[in-house]
Each structure stands twice: as C-alpha cells, then as structure tokens.
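The sequence lines fix the lettering, A, B, ..., with proteins before strands; numbering per chain opens at 1. Here the structure is a predicted model, which is why all the values come from computation and not from measurement.
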2 protein chains.
Amino acid sequence: MDSPRQKRSAQDNTAGRPGDSLDTRMLEGLVGYNARRTWLAISTVFSERMAAYGLKQVDFSVLSLLAHNPGATSRQLCATLDIQPPNLVSLISTMDGRGLIERRPHPHDGRAIGLHLTAAGVQLVQDAEQTVIELEQDASARLTTRERETLIRLMQKVYR
Amino acid sequence: MDSPRQKRSAQDNTAGRPGDSLDTRMLEGLVGYNARRTWLAISTVFSERMAAYGLKQVDFSVLSLLAHNPGATSRQLCATLDIQPPNLVSLISTMDGRGLIERRPHPHDGRAIGLHLTAAGVQLVQDAEQTVIELEQDASARLTTRERETLIRLMQKVYR
DNA sequence: TATTGTTATACTCTATAACTATA
DNA sequence: TATAGTTATAGAGTATAACAATA
C-alpha cells in the first residue's frame, strides 16, 4: 500500500508545474478508463493503415460481417454492432456506390434487403482483414500471444 | 481449427433470416473491437449512475485528477487525458459555474491558471469516486478480483 | 399492430485555425 | 520564437421522431 510511485501530497501545490505529469493512479485503476485508452491506441493505428482502403472502423466491421454472413440485412448489422439503423443508411449507400456490396431482394421477407459483397468487395475485405490482423499484432506487440488471448477472453467476460 | 460453433457456409444464403445472430468470430478476435465493446458496456452503466452527480466521463476524469493533483493546469489535464485544449474550456467554465472548482493565478507562470477543487468539489469527487468504484465492480462482476487486475495490467501493456 | 428501411434532424464529441497575453 | 488559454467553427459520431412498404 501507499506506493511511493508518483507520490505527491495533496496539500502542497506542486502539481501545476508545467512539464510535470499528473498522478493518474485513480483513473488507471478503472476498467472503463483503461478500456477506452486501449481502444484509442488501437484506433489510431487502425486509422493510419486503413486509410489506404478508404475504410473507417465501422466500414470495416460491416464489410467483414458481410464477408462471413452473406445476405445479412441492415437490421442484423445494426443489432450486431449496436448502431442505429438511420446511421447505417449512408454507409451502405456509399459501399454500394463504390461497388463493394450489392443489395438483393430478400428471399423470405419483402421488407428486407439482403446485402452481399461483390467480387471487388470480397477482394477488398480479404486484403483489409489481413492488414487489420497485422496492425493489431503491431499495436499490441508488447503482449505475448498467450497474454493477448487472455486479454480478449477477459474483455469478453465483461461485455458479453 | 474450424470450430463448429456458429458454423455456417459462406455459400448458402441463410444469414439474412431475421432473428438470426451473425457470425462475429473475426471481429471478436480483435483487441480493438473488444476494447471498444468493453468500454461501451462500462460506459452505459457509468452514464446511468453518474447522472445523479451531473457528471459525464470527462467531467469525472477532470475532477478526479484535480482531487489528486491540486493546482494542475488546463494544459496538463489535456495532455493527461488526450483531449484538445479548446474542448476543455467550456467544461472548466461549467465546473467553475457550478462552484466545484476555482481558478487561481499560477505561482510560477503568468500565462497559466492553477485549477483547484472547492470544498463542494472535494465532497462531490469523494462521493463520485465511491460510486464509480461500485459501478465498476458491478459492471465487471463476472471477473474475479485477480482477473480484473490481470485485465487492467494487460490493457495498460497495450497503450502505456 | 409490428417491423424494415429510410428521411430529416438535432445533439454530442472531437479537431483545427487563429487570436492574446506571457515566457 | 514558443507556450497557455481562449474563440469560433467545422467535421464526425450518435440519437430520436416520423413515414411508406410489408409482415
């Protein structure tokens, strides 16, 4: 207890010296804070490397889901990714305009539209998934393979 | 390899059946995806319980940092929390207006402003921190104490 | 009556350029 | 010349209400 690391009395007023880093032990003891920082760190690398494909995180998630779930509906994507239907409309429309996906009438439900990757879409997702896997390795390079598996397992234990 | 869990051929077109959940194994193998979901899960509980204090996540982070770093400057808060200076202005102003913090001339630097909690601020942070600790326990209740420590340690290994 | 996809819209969050006062 | 705080503003991201077509 009472680790001397970054120890600084709350009485004296030395925190304001510019250049000094702050005592963040309280925040760093929280799962939420650390989860956000972790996501932000990966997110930065993701944005850098995926710009080459013209894909943001949501774009990648949607395309990757369609690669493994051909014919999925807009509604299913929304439920899976926890996004609101109106916010998916322009994304789908853009992907369609880029020739990456196509909308086909749904076989069982006249209200719904089945979403499918085009040949170009399949190729792009294949490359993008490979890039994401590499980028994730690099962004979490300080973890061993076993630690990475443990981390993912524990995170899923929280939210799943 | 080739686990039968959620196995579904990419050829047949069964994904579009409403009510079906999608195969998310690719995304769930990514640190970034899981970190975001984890943060989102905690975030939801946080918003619910911290509404009583009128505090959002950033608000809490700033006030808690000031509790443990009296006299910290706006610049230091920005660097610590990775937010842009302009986005902190209205937050600080609001906290000042609520009588939770006060701005004092900085002892060593005439450009800077030292930020301090008021007595009311100290009391609020004390209560809020307690609520956050409880809320975190509840939101990560499926983790043992040891697992929670491991999770935090591994997350910090990624971003720190 | 409920659900799918959609439009319009608003609100929050985050980022950038440019100014002032001080170092 | 550089830095702290600030203003104004623009762009993402996210949320709600309401509608037409179909179940």
For atom CG of A:Leu88 and atom C1' of C:dT7, their distance in whole Å: 15 Å
Pair B:Tyr53-B:Thr131, side-chain hydrogen bond (donor to acceptor under 3.5 Å, both in side chains): steps then yes or no: CA-CA 10 Å; B:Tyr53 299 95; B:Thr131 300; 2.5 Å; yes
When you compare the protein's N or O atoms with those of nucleotides 12-16 of chain D, which come within less than 3.5 Å of each other, and at what distance?
from	atom 1	to	atom 2	distance (Å)
D:dG13	OP2	A:Lys56	NZ	3.2
D:dT14	OP1	B:Arg36	NH2	2.9
D:dA15	N7	A:Asn87	OD1	3.2
D:dA15	N7	A:Asn87	ND2	2.9
D:dA15	N6	A:Asn87	OD1	2.8

Taking only N/O atoms, report every protein-nucleotides 20-23 of chain D pair under 3.5 Å with atom names and distance.
from	atom 1	to	atom 2	distance (Å)
D:dA23	OP1	A:Gly110	N	2.7

Heavy-atom donor-acceptor pair, B:Thr94 side chain to B:Ser90 backbone, under 3.5 Å: yes
Separation of atom CG in A:Leu77 from atom P in C:dT3, rounded to whole Å: 19 Å
Gap between atoms NE2 and P, on B:His106 and D:dG5 respectively (whole Å): 8 Å
Touch class at under 4.0 angstrom, heavy-atom based, for A:Ile113 against every strand present: sugar-phosphate
Side-chain donor/acceptor of B:Asp23 to backbone N/O of A:Asn69, under 3.5 Å: no
A:Arg103 side chain near C:dT4 phosphate (N/O to OP1/OP2, under 4.0 Å): no
A:Ser61 side chain near A:Lys56 side chain, heavy-atom distance below 4.5 Å: no
Salt bridge (Lys or Arg N to Asp or Glu O under 4.0 Å) between B:Arg160 and A:Glu28, intermediate numbers included: CA-CA 10 Å; B:Arg160 245 172 141 186; A:Glu28 285 180 359; 3.0 Å; yes
Mutual orientation of the aromatic rings belonging to B:Trp39 and A:Trp39 [parallel < 30°, tilted 30-60°, perpendicular > 60°]: parallel
Connected via hydrophobic side-chain network under 4.5 Å: A:Leu40 and A:Phe60: no
Sub-4.5 Å side-chain heavy-atom contact between B:Glu136 and B:Arg148: yes
